[in-house]
Amino acid sequence: MIDVISVRFRSGSKTYYFDPKNTLVRTGDDVIVETSQGLEFAKCVYGNHAVEDTQVIQPLRPLIRVATDNDRRTAQYNQKREEDAFAVCQKRIAAHGLEMKLVRVECSFDGSKILFFFTADGRVDFRELVKDLASVFRSRIELRQIGVRDEAKMLGGLGICGRPFCCNQFMDDFMPVSIKMAKTQNLSLNPSKISGTCGRLMCCLKYEQDAYEDAIKRMPKNDSFVMTPDGPGNVSNINLLKENVTVRLDEHPESPRCYHNCEVCVLRNGKGSRDGIEIPQERPERYVEEQKDEPDIPDLYSIYGEPDTPAAPEQPKDSDAKPRSSRRRNSRRSKEDTPAEQGSKPSVSGADKKEKQERKEKQEKKADAKNSEPRRRTNRRGKGESPRQNTPKSKAATPAAPSKQSQNAPSKQGSDKGSDNGTARGRRPHRRGGRRRSSGAPQSGTSASEE
């Protein structure tokens, strides 16, 4: 057993073992370690612990020291330098017209080296680009081409399942994934459904592959000849997750039935003829699922008590609080109630009967008073008017309203009898204060004196 610490760098989720050199390092501490590229700033994800010798690759790199405040300030300065280098490199790539995508920039702890990660479809000649970057930063420049899966691991993100990428969260190395795994798990072969954000097959296809392979060994193949509790038949469908098979029976081929794997006895595994196969007389027993005891759920009302329900608002007992329409309806209903219906109502106390009787009398008085009042007549505009008095009026006192023809067209009588000023025909007399016309023939409806 060897005492080691687990350290993780910024480049990914892979952990590395380092020799603590009899130094107590706690989980979460920042450390300075020695690597093949020089000194590096890293984070301890697991403190001092012992591992077997076979898990360690010799020689084991040593721990230099636990990071100090000065080391943290140096790491922050290198971070800003990486951001500036990323922007400068993108401009240089566009200037040279190179078909490459810059992914990440990493600067060494001592600042002597800058590493650029990029992706490209093919080989890229970036020699001129390296010269330009070296003249700008005055340090050693290295460009490294990576794949799309490494790009997804560096950048991170969310998959179609809604969780962060497995490669960015906990996977140390990429696992080989093939299309055969999707076929074994009966998944759709649509590339958009079985591919990840990187465009390759999803790494999670490998997770359940061992369980599917174990179930395939125990389950019969498709079109196998089997014996069921209902008789012999052929397997038409297999469900590996539930370990169920759908069998088309010989007696009822139009209605296939579903059975558990333990209810089926395989007579011939796979396709073939039934010649020479003896059908046993005994049939397998039916599978009975074990009923699991449900956990006792405690009664929350017994612990916290019943909730306080708000009391319903009291209804006003006085009938005056109700609208007028309801009082009218109540008065009509009270009149239309028959003695038989009144007798069928529940019994009430004497005080309640007296109160109801008084209320009923008030309603009847109001209804009689409304019926006795004379109805008001309404004019064309719908405004109320007081009833007219049937008193005779003389024609002189009430002149007749002029008709439209008399108002618009001139009449001969008005021109002949100008002295009457139109009063005989019920016309309104002309005012003398009006403007006098200077010339012209007198118009209809004017008096002779005005001329």
Side-chain angles (χ1 to χ4, degrees), residues 1-90 102-118 133 136-144 146 149-158 163-174:
M1 302 292 286
I2 302 176
D3 187 24
V4 297
I5 59 172
S6 298
V7 168
R8 181 175 295 173
F9 298 96
R10 295 176 299 166
S11 58
S13 59
K14 189 175 181 179
T15 58
Y16 300 89
Y17 291 141
F18 284 88
D19 186 6
K21 294 291 184 180
N22 299 326
T23 304
L24 180 61
V25 181
R26 298 175 182 176
T27 302
D29 291 346
D30 297 329
V31 294
I32 304 297
V33 294
E34 182 183 350
T35 64
S36 59
Q37 305 294 333
L39 299 181
E40 291 292 341
F41 184 86
K43 192 177 190 66
C44 179
V45 294
Y46 198 178
N48 297 64
H49 62 284
V51 296
E52 296 181 0
D53 298 343
T54 56
Q55 298 182 5
V56 178
I57 300 175
Q58 296 295 341
L60 193 62
R61 297 283 181 174
L63 170 72
I64 303 301
R65 64 179 180 273
V66 179
T68 60
D69 295 339
N70 190 18
D71 295 334
R72 294 188 183 91
R73 284 194 291 268
T74 304
Q76 292 178 359
Y77 172 75
N78 291 335
Q79 223 169 5
K80 295 180 181 179
R81 192 180 180 190
E82 289 172 1
E83 296 176 359
D84 298 338
F86 190 90
V88 172
C89 185
Q90 277 189 330
L102 189 63
V103 178
R104 176 185 279 188
V105 179
E106 289 185 2
C107 184
S108 61
F109 182 72
D110 54 4
S112 61
K113 181 181 177 181
I114 301 177
L115 184 60
F116 296 87
F117 296 94
F118 70 94
L133 296 176
V136 173
F137 298 106
R138 301 292 181 180
S139 60
R140 184 181 174 187
I141 304 297
E142 182 179 348
L143 272 75
R144 186 175 299 176
I146 59 175
R149 299 181 80 182
D150 296 305
E151 178 187 2
K153 184 175 182 178
M154 288 184 177
L155 298 179
L158 298 177
R163 294 181 57 84
F165 292 160
C166 300
C167 56
N168 180 261
Q169 195 172 17
F170 58 86
M171 282 177 58
D172 293 341
D173 296 318
F174 290 106

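Since this is a predicted model, take the numbers as computed values, not measurements.
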Under the side-chain contact (heavy atoms from CB on, under 4.5 Å) criterion, do Arg61 and Ser36 qualify, and how do the steps go?
CA-CA 9 Å; Arg61 297 283 181 174; Ser36 59; 4.0 Å; yes
- Query: Taking Thr74 for the side chain and Asn70 for the main chain, is one N or O donor matched with an acceptor at less than 3.5 Å?
  - Reply: yes
Here the gap from Leu63 atom CG to Ile5 atom CD1, rounded to the nearest 0.5 Å, amounts to 4.5 Å
For Phe18 and Pro62, the nearest pair of non-hydrogen atoms, with its separation, is CD2-O, 4.0 Å
Residues Arg81 and Gly111: closest non-hydrogen pair is NH1-O, 3.2 Å
* **pair Asp71-Arg65: side-chain heavy atoms closer than 4.5 Å** => yes
- Task: Would you please test His49 and Ser6 for side-chain contact (heavy atoms from CB on, under 4.5 Å) and show each step?
- Result: CA-CA 9 Å; His49 62 284; Ser6 298; 3.2 Å; yes
For Ile57, look at atom CD1 and say whether over 12 heavy atoms of other residues, nucleotides or ligands are found less than 6.0 Å away.
no
Practice prompt. Flag the pair Val4 / Asp19 as yes when at least one side-chain heavy-atom distance between them is below 4.5 Å, and no otherwise.
Written response: no
On a heavy-atom basis, the closest approach of Val25 and Asn48 is N-OD1, 2.8 Å
Given side-chain contact (heavy atoms from CB on, under 4.5 Å), test Leu155 with Phe165 step by step and report yes or no. CA-CA 10 Å; Leu155 298 179; Phe165 292 160; over 6 Å; no
- Look at Asp69 together with Arg72 and state whether they make a salt bridge at an N to O cut-off of under 4.0 Å. yes
Checklist entry - Within a radius of less than 6.0 Å around CZ of Phe86, do more than 12 heavy atoms belonging to other residues, nucleotides or ligands occur? => result yes
Taking the side chain as C-beta and beyond, is there a heavy-atom pair between Leu143 and Leu133 under 4.5 Å?
yes
Requested in this report: Flag the pair Lys153 / Met171 as yes when at least one side-chain heavy-atom distance between them is below 4.5 Å, and no otherwise.
Outcome: no
- May I ask you to check whether Phe9 and Tyr16 place their ring centres under 6.0 Å from each other? yes
Exercise. Give a yes or no answer on whether the side chain of Thr27 reaches the backbone of Gly47 with a donor-acceptor pair at less than 3.5 Å.
Key: yes
The reported gap from CZ in Phe174 to CG in Asp150 (rounded to nearest 0.5 angstrom) is 5.0 Å
Of all heavy-atom pairs linking Ile114 and Cys107, the shortest is CG1-SG, 4.3 Å
Would you call Arg149 and Glu151 a salt bridge, taking side-chain N to carboxylate O under 4.0 Å as the test?
no
(request) Using a 4.5 Å cut-off on heavy atoms from C-beta on, say whether the side chain of Gln58 contacts that of Val56. (result) yes
In short, salt bridge (charged side-chain N to carboxylate O under 4.0 Å, His left out) pairs touching residues 33-60 with sequence neighbours left out are Asp30-Lys43
Hey, are the side chains of Glu82 and Phe116 touching, using non-hydrogen atoms and a 4.5 Å cut-off? no
Is a salt bridge present between Glu106 and Arg104, judged by a nitrogen-to-oxygen distance below 4.0 Å? yes
Smallest heavy-atom separation, Phe117 atom then Leu102 atom, equals O-CD1, 3.5 Å
Of all heavy-atom pairs linking Val105 and Ala85, the shortest is CG1-CB, 4.0 Å
Hey, does Thr15 have a side-chain heavy atom less than 4.5 Å from the side chain of Tyr46? no
Distance col, row Leu39:CG vs Ser112:OG, nearest 0.5 angstrom, shows 9.5 Å
Counting only N and O atoms by type, is there a donor-acceptor contact under 3.5 Å from the side chain of Asp29 to the main-chain atoms of Arg26? yes
Review point. Any side-chain heavy-atom pair from Ser139 and Ile141 closer than 4.5 angstrom?
Key: yes
